[in-house]
Amino acid sequence: MSRIQSTFATLKSQNKKALIPYITAGDPYPELTVPLMHGLVEAGADILELGVPFSDPMADGPVIQRASERALAYHVSLTDVLNLVAEFRKTNQTTPVVLMGYANPIEAMGAERFAKLAQAAGVDGALTVDYPPEECQEFVALLKKHQLDPVFLLSPTSNTARIEAIIKSASGFIYYVSLKGVTGASHLDIADVGSKVGHIRTMTDLPIGVGFGVRDAATAKAVAAVADAVVVGSRTVQEIESSTPAEVVTKVKQLMQTLRAAIDSV
Amino acid sequence: MNKIYDMPDASGHFGTYGGRFVAETLVEALDELAAMYEKHRLDPQFLAEFAHDLKHYVGRPSPIYHAERISKHMGGAQIYLKREDLNHTGAHKVNNCIGQALLAKRMGKPRVIAETGAGQHGVATATVAARMGLECVVYMGSEDVKRQSPNVFRMKLLGATVVPVESGSKTLKDALNEAMRDWVTNVENTFYIIGTVAGPHPYPMMVRDFQAVIGIEAKQQMQEMLGRQPDVVLACVGGGSNAMGIFYPYIDVPNVRLIGVEAGGFGLETGKHAAPLTAHSPAGVLHGNRTRLMQDAGGQIIETHSISAGLDYPGVGPEHAWLQDINRAEYVAINDDEAMAAFHTLCRMEGIIPALESSHALAHAMKIAPTMSKDAVLLVNLSGRGDKDINTVAKLSGITL
């Protein structure tokens, strides 16, 4: 059983929902990434989504774009990200880490080499925003060969045929994008999310995470009521951006504790 | 053995290039657009409407002009210019905008968005949107807003909202990122008019088809003027829409060399250029398609340089990458200073002020003309006029306006 599978199984047995924060590797600077990862876990995160910085993050809003720019100012590469995960794994062998990013850094490294190195580093899954399933079947096969879960996005615009196609390629969990738009947008229609997640549930046993637009305890709680996991990206990055380096781990942990409590109150 | 050129395949691939590399939210919109385009691209009524607008609104066909004085001056091949600069709005960009706006109208989308580098595509989009009564938002890198201010003003006069983009290198690629973000957010009521032969399928094919009017006319005009086709067709390549437009109808014509001229910037050896094909940059994924990209070893897109905002782009349309791979087209680079020299020559010797983009294609024609016989024929796509570039040229020439 993969780390992602066992994490969801354990949570289910405890009747709990997963909290999945996102941070960009290397933001605000590389030495803080591993301490932030450990801090997130201590404060209640179940799975970590680690962003791979990219020069042209087309699907991201301004908050995560700036995180990428801060990391790239330190020239944080995909190789560096894998090294950070390996560093994190030295003292944490249980919390799954999913890399989230864009196709080009992976293609530059070579998909096969990436899969091999990611597995060796202790990565558990990869979500590649601009790889729809029809363009990445070889990549999906390589990930699975190296015991990595290919995580895919579903959106409000995905019709039944596409949901089917995507579920066929996906493993680990499904990431439902709660709204049309880029990361960090503000509106979230929870009734709509609930009905769409319900529809996806009739088609797969994979856990369903919901993200894009989770801004505070209230939205986190509302999402936890309908999904298996709550993904908190821009809000987490915002906390990093607005904190000084000395306080950033503490601040992010406080935010996670608040969200954890909200999710557990469902 | 002559297999008729038939690209892209059904899923939008040109060999290993092209395709559709987008976030899930855009897939449905692209499916809808592809279906709509498929339905209309051979529809006589749609094509008649398109042809009517090109004739009566754009002023097509654009003439072909024999640049006799320059040809004589170079002492070799005869240089002919396909005068896209004479189109309404001053460049080839409007051809594609008319086609896409007609589709937007049929799809019932009240709002169009566009990205622009030099501003020509932005102006063309704003123009067509004004005529059709569509809301128009144009994304433009803040660097380009500075160096192409006349076009910014034109867009505003035409009623468009111009949004300066401050992220990344603040040029065309960042404007494209921002337009994509807008589209993903407003996909229900918005049609994204991409200005070049790049982006996710069906854009590279659709933009090429709308621009192919350039090559279709040229074939007929050359036949009428000279009783034969040119030996070489040249066009500048940024994303590559004017080049695809004139190349495409010539792909199956034997013995016509196709040369795409990329922006050599300060010189390929300096790394400060925008010539991914000439520099043999590796393939990668950006802006919805796989193509050849200027990038560092880690796959980050690097900043490009060209004197010409319209060529200042790290990628290239996927079909150009394919045409280079199959050796049907050649790609070369012309540096900033060579383009500037060609710009001045055309002004002084023929009374035509060319766009700095088009000056690259002209510069290469002037380079190879002396090596060819006097009956050889070079056809240069003069893709746009240079009024928009006067500030840049004045600054570089040390002239205060």
Side-chain angles (χ1 to χ4, degrees), chain A residues 52-62 65-66 68-69 71-72 75-81 101-110 114 127-136 152-159 161-163 165-166 175-177 179-185 187 212, chain B residues 10-13 16 18-32 165-169 173-190 199-201 281-291 293-303 314-315:
Chain A
V52 180
F54 184 49
S55 51
D56 293 80
M58 283 188 311
D60 287 299
Q65 285 175 48
R66 288 196 296 270
S68 240
E69 285 179 12
L72 287 176
H75 304 285
V76 175
S77 67
L78 181 51
T79 307
D80 296 330
V81 177
Y102 294 80
N104 204 53
I106 292 172
E107 296 210 347
M109 177 178 274
F114 166 76
L127 196 176
T128 313
V129 180
D130 50 355
Y131 260 165
E134 53 270 35
E135 296 285 2
C136 71
F152 284 93
L153 300 174
L154 283 176
S155 88
T157 58
S158 310
N159 60 32
R162 274 204 72 75
I163 296 173
I166 288 169
Y175 184 154
Y176 178 69
V177 173
L179 45 87
K180 291 170 202 147
V182 292
T183 53
H187 42 282
F212 282 41
Chain B
S11 55
H13 293 90
T16 56
R20 187 187 274 178
F21 294 85
V22 294
E24 178 58 23
T25 315
L26 286 179
V27 170
E28 196 195 55
L30 289 166
D31 279 343
E32 188 194 6
V165 177
E166 301 286 352
S167 57
S169 59
K173 83 172 173 75
D174 310 285
L176 232 149
N177 291 338
E178 211 52 42
M180 285 274 188
R181 291 181 186 121
D182 179 316
W183 198 33
V184 88
T185 309
N186 302 298
V187 66
E188 246 148 48
N189 73 343
T190 299
H201 177 67
S281 303
V285 171
L286 181 71
H287 294 151
N289 58 171
R290 182 178 279 121
T291 186
L293 293 172
M294 291 180 58
Q295 53 184 308
D296 67 17
Q300 305 295 340
I301 308 306
I302 57 177
E303 290 193 13

Under a 4.5 Å heavy-atom cut-off, does chain B meet the side chain of A:Ile106, its backbone, both or neither? neither

Residue B:Ala29 versus chain A: region with a heavy atom under 4.5 Å: neither

Part of B:Val187 within contact of chain A (heavy atom distance under 4.5 Å): side chain

OG1 (B:Thr25) and CG (A:Leu153) are apart, to the nearest 0.5 Å, by 7.0 Å

B:Gln295 vs A:Pro105 side-chain heavy atoms within contact, under 4.5 Å: no

Distance (rounded to the nearest 0.5 Å) between B:Asp296 CG and A:His75 NE2: 9.0 Å

Please report the closest heavy-atom contact between A:Met58 and B:Met180, naming both atoms and the distance. SD-CG, 4.0 Å

Atom pair CD (A:Glu107) and CG (B:Leu286), whose distance is rounded to the nearest 0.5 Å: 11.5 Å

Supply the atom-to-atom distance A:Asp130 CG to B:Leu26 CG, rounded to the nearest 0.5 angstrom. 11.0 Å

To the nearest 0.5 Å, tell me how far A:Gln65 CD sits from B:Glu178 CD. 5.5 Å

Report the option among B:Val22, B:Leu293, B:Asp182 that has the most heavy-atom pairs separated by less than 4.5 Å from atoms of chain A. B:Val22

Within a strict 4.5 Å, meaning less than it, do heavy atoms of the A:Asn104 and B:Phe21 side chains meet? no

Note: vs chain B, highest number of non-hydrogen pairs under 4.5 angstrom among A:Ser77, A:Ser158, A:Ala59 is A:Ser158

Among A:Ser55, A:Ala108, A:Pro156, the residue with the most heavy-atom pairs under 4.5 Å to chain B is A:Ser55

Within-4.5 Å side-chain heavy-atom neighbours: B:His13 and A:Glu135: yes

Looking at every heavy atom in both B:Arg20 and A:Pro132, which two are closest together, and how far apart are they? O-CG, 3.2 Å

Between A:Pro62 and chain B, which part of the residue has a heavy atom less than 4.5 Å away: side chain, backbone, both or neither? neither

What option among A:Asp60, A:Asn159, A:Val177, A:Asp80 has the most heavy-atom pairs under 4.5 Å with chain B? A:Asp60

Verdict with supporting geometry, A:Ser155 and B:Glu24, side chain to side chain donor-acceptor pair (under 3.5 Å): CA-CA 6 Å; A:Ser155 88; B:Glu24 178 58 23; 5.0 Å; no

Point-to-point distance, once rounded to the nearest 0.5 Å, from CG of A:Asp56 to OG of B:Ser169: 7.5 Å

So for B:Ile302, is it side chain, backbone, both, or neither that comes closer than 4.5 Å to the heavy atoms of chain A? neither

Locate the shortest heavy-atom distance separating A:Glu69 from B:Gly168; write the atom from each residue and the value. OE2-N, 3.4 Å

Side chain / backbone / both / neither for A:Arg66 at chain B, heavy atoms under 4.5 Å: neither

